[in-house]
Amino acid sequence: YPGCVDERYAIGDTESVAVAVLRHETRESGYPQWSAAIGRLGREATVHVPGHYPGVLAQRLRVANEKFAPGARLGRDEYLDLTALTREGEESIAISSTARSPVRVTLEVPREEIPDLAALLDRAQELIEELKQGLGLVPDSLPDVL
């Protein structure tokens, strides 16, 4: 992804992860041109999701947090697996790419950060929606009367 990112919009971060929206100009317009990145602040790992997905993931994380049971798979779809983990009394949710991804990546997010991460993902989705529509509305030149 780094070589094909044309724009990056930082959304915000929790204590352990950051969320950004990325625009890929060479892709077809609409959702394919956008993605969201959730990365460890230490840059050890990053999970990328397509532009239509941050809001879906936000809701899935909220449900996973409510249904948290150590060791349980809390959700799975074509993009990500969510798993509840407990180590030495610390609870987290592992967000893992599926076999569909060319590289398997897992981010562990402390459970207490899940509401903040979900809110950041909602903001990322809102920004994608605004920018996706807004780019087509900006004229290439101003009218002569101005």
Side-chain angles (χ1 to χ4, degrees), residues 1-140:
Y1 278 96
C4 66
V5 174
D6 296 294
E7 295 172 17
R8 178 182 202 89
Y9 301 90
I11 300 300
D13 51 67
T14 68
E15 288 192 32
S16 62
V17 296
V19 174
V21 167
L22 310 174
R23 186 173 75 85
H24 314 271
E25 190 172 294
T26 58
R27 295 185 188 168
E28 73 179 76
S29 63
Y31 286 119
Q33 204 169 52
W34 299 94
S35 68
I38 307 154
R40 295 282 306 170
L41 289 178
R43 298 184 182 253
E44 299 94 26
T46 302
V47 171
H48 290 266
V49 296
H52 72 278
Y53 193 76
V56 172
L57 179 56
Q59 185 56 33
R60 289 188 61 224
L61 285 168
R62 288 182 184 100
V63 170
N65 198 31
E66 290 172 12
K67 296 182 176 188
F68 189 92
R73 176 177 277 163
L74 301 171
R76 179 183 196 159
D77 63 21
E78 63 183 309
Y79 300 109
L80 298 172
D81 289 328
L82 302 178
T83 307
L85 301 175
T86 301
R87 279 194 208 103
E88 299 174 11
E90 298 292 320
E91 296 179 334
S92 63
I93 293 181
I95 303 169
S96 303
S97 58
T98 62
R100 178 179 186 211
S101 175
V103 177
R104 298 296 303 258
V105 176
T106 298
L107 296 176
E108 286 187 37
V109 180
R111 189 172 177 202
E112 65 268 6
E113 294 181 27
I114 294 299
D116 292 337
L117 175 56
L120 291 172
L121 289 166
D122 282 335
R123 288 196 355 231
Q125 188 70 64
E126 290 168 9
L127 180 63
I128 289 169
E129 298 302 327
E130 288 175 26
L131 293 174
K132 181 174 71 81
Q133 293 185 17
L135 288 178
L137 301 175
V138 177
D140 291 323

S.K.: Of the non-hydrogen atoms in D77 and L80, which two are nearest, and what is the gap between them?
M.R.: OD1-N, 2.9 Å
S.K.: Tell me every residue that passes side-chain hydrogen bond (donor to acceptor under 3.5 Å, both in side chains) with S96, counting only those two or more places apart in sequence or in another chain.
M.R.: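 Scan of S96 (side-chain hydrogen bond (donor to acceptor under 3.5 Å, both in side chains), adjacent residues dropped) gives T106.
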S.K.: Are the side chains of V19 and D13 in touch, meaning some heavy atoms are under 4.5 Å apart?
M.R.: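 Result no, sub-4.5 Å side-chain heavy-atom pair not found.
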S.K.: Could you pull out the closest heavy-atom pair between I128 and P54, with the gap in Å?
M.R.: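 So the two residues come closest at CD1-CG, 4.0 Å.
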S.K.: With E112, which residues qualify under side chain to side chain contact (heavy atoms under 4.5 Å, CB included), at least two apart?
M.R.: P110
S.K.: Tell me which donor-acceptor pairs under 3.5 Å the side chains of residues 61-71 have, and how far apart each pair is, sequence neighbours excluded?
M.R.:
| from | atom 1 | to | atom 2 | distance (Å) |
| --- | --- | --- | --- | --- |
| R62 | NH1 | D122 | OD2 | 3.2 |
| R62 | NH2 | D122 | OD2 | 2.5 |
| N65 | OD1 | R111 | NE | 2.7 |

S.K.: My understanding is that only residues two or more places apart in sequence, or in another chain, count here; which of them pass side-chain hydrogen bond (donor to acceptor under 3.5 Å, both in side chains) with S97?
M.R.: none
S.K.: I want to check something: taking the side chain as every heavy atom from C-beta on, are R23 and L131 in contact at a cut-off of under 4.5 Å?
M.R.: no
S.K.: In chain order, what residues pass the salt bridge (Lys or Arg N to Asp or Glu O under 4.0 Å) check against D81, with sequence neighbours excluded?
M.R.: R76
S.K.: Could you tell me which residues satisfy salt bridge (Lys or Arg N to Asp or Glu O under 4.0 Å) with R123, sequence neighbours excluded, listed by chain and number?
M.R.: none
S.K.: Say whether, by atom type as modelled, one donor and one acceptor occur between the side chain of T14 and the main chain of V17 under 3.5 angstrom.
M.R.: yes
S.K.: Suppose we screen for side-chain hydrogen bond (donor to acceptor under 3.5 Å, both in side chains). Which residues come up paired with T46, at least two apart in sequence or across chains?
M.R.: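 Residues passing side-chain hydrogen bond (donor to acceptor under 3.5 Å, both in side chains) with T46: none at all.
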S.K.: Looking at CG of L82 and CD1 of I114, how far apart are the two atoms once the value is rounded to the nearest 0.5 Å?
M.R.: 8.0 Å
S.K.: Are any side-chain N or O atoms of E113 and backbone N or O atoms of S16, one a donor and one an acceptor, separated by less than 3.5 Å?
M.R.: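 Yes.
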S.K.: When rounded to the nearest 0.5 angstrom, what distance separates CG in L121 from CD in E126?
M.R.: 11.0 Å
S.K.: Given the rule in the side-chain hydrogen bond (donor to acceptor under 3.5 Å, both in side chains) test, do E78 and T98 qualify, once you have shown the distances and angles that lead to the verdict?
M.R.: CA-CA 7 Å; E78 63 183 309; T98 62; over 6 Å; no
S.K.: Which residues pass the salt bridge (Lys or Arg N to Asp or Glu O under 4.0 Å) test with R73, sequence neighbours left out?
M.R.: none
S.K.: Decide yes or no for T83 and L74: does some side-chain heavy atom of the first lie under 4.5 Å from some side-chain heavy atom of the second?
M.R.: no
S.K.: Write out all pairs satisfying ring pair (Phe, Tyr, Trp, His ring centres under 6.0 Å) with one or both partners inside residues 87-113, taking only residues at least two apart or from two chains.
M.R.: none
S.K.: State which residues pass side chain to side chain contact (heavy atoms under 4.5 Å, CB included) with S92; sequence neighbours excluded, sorted by chain then number.
M.R.: L85, E108
S.K.: Heavy-atom distance under 4.5 Å between the side chains of I95 and V109, does that happen here?
M.R.: yes
S.K.: Applying salt bridge (Lys or Arg N to Asp or Glu O under 4.0 Å), can you list everything that pairs with E15, at least two apart in sequence or on another chain?
M.R.: none
S.K.: So, for A18 and L41, which heavy atoms are closest and what is the spacing to 0.1 Å?
M.R.: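 Minimum heavy-atom contact is CB-CD2, 3.6 Å.
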S.K.: Quick one: list whatever passes side-chain hydrogen bond (donor to acceptor under 3.5 Å, both in side chains) with Q125, sequence neighbours left out.
M.R.: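 Residues passing side-chain hydrogen bond (donor to acceptor under 3.5 Å, both in side chains) with Q125: E129.
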S.K.: Taking the six-membered ring for Trp, is the centroid-to-centroid distance between Y79 and H52 below 6.0 Å?
M.R.: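 Under 6.0 Å, so yes.
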S.K.: Would you say L22 and E7 make side-chain contact, with heavy atoms under 4.5 Å?
M.R.: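 When only atoms from C-beta onward are counted, E7 and L22 do not touch, as no gap falls below 4.5 Å.
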S.K.: Is any side-chain heavy atom of W34 closer than 4.5 Å to a side-chain heavy atom of Y9?
M.R.: yes
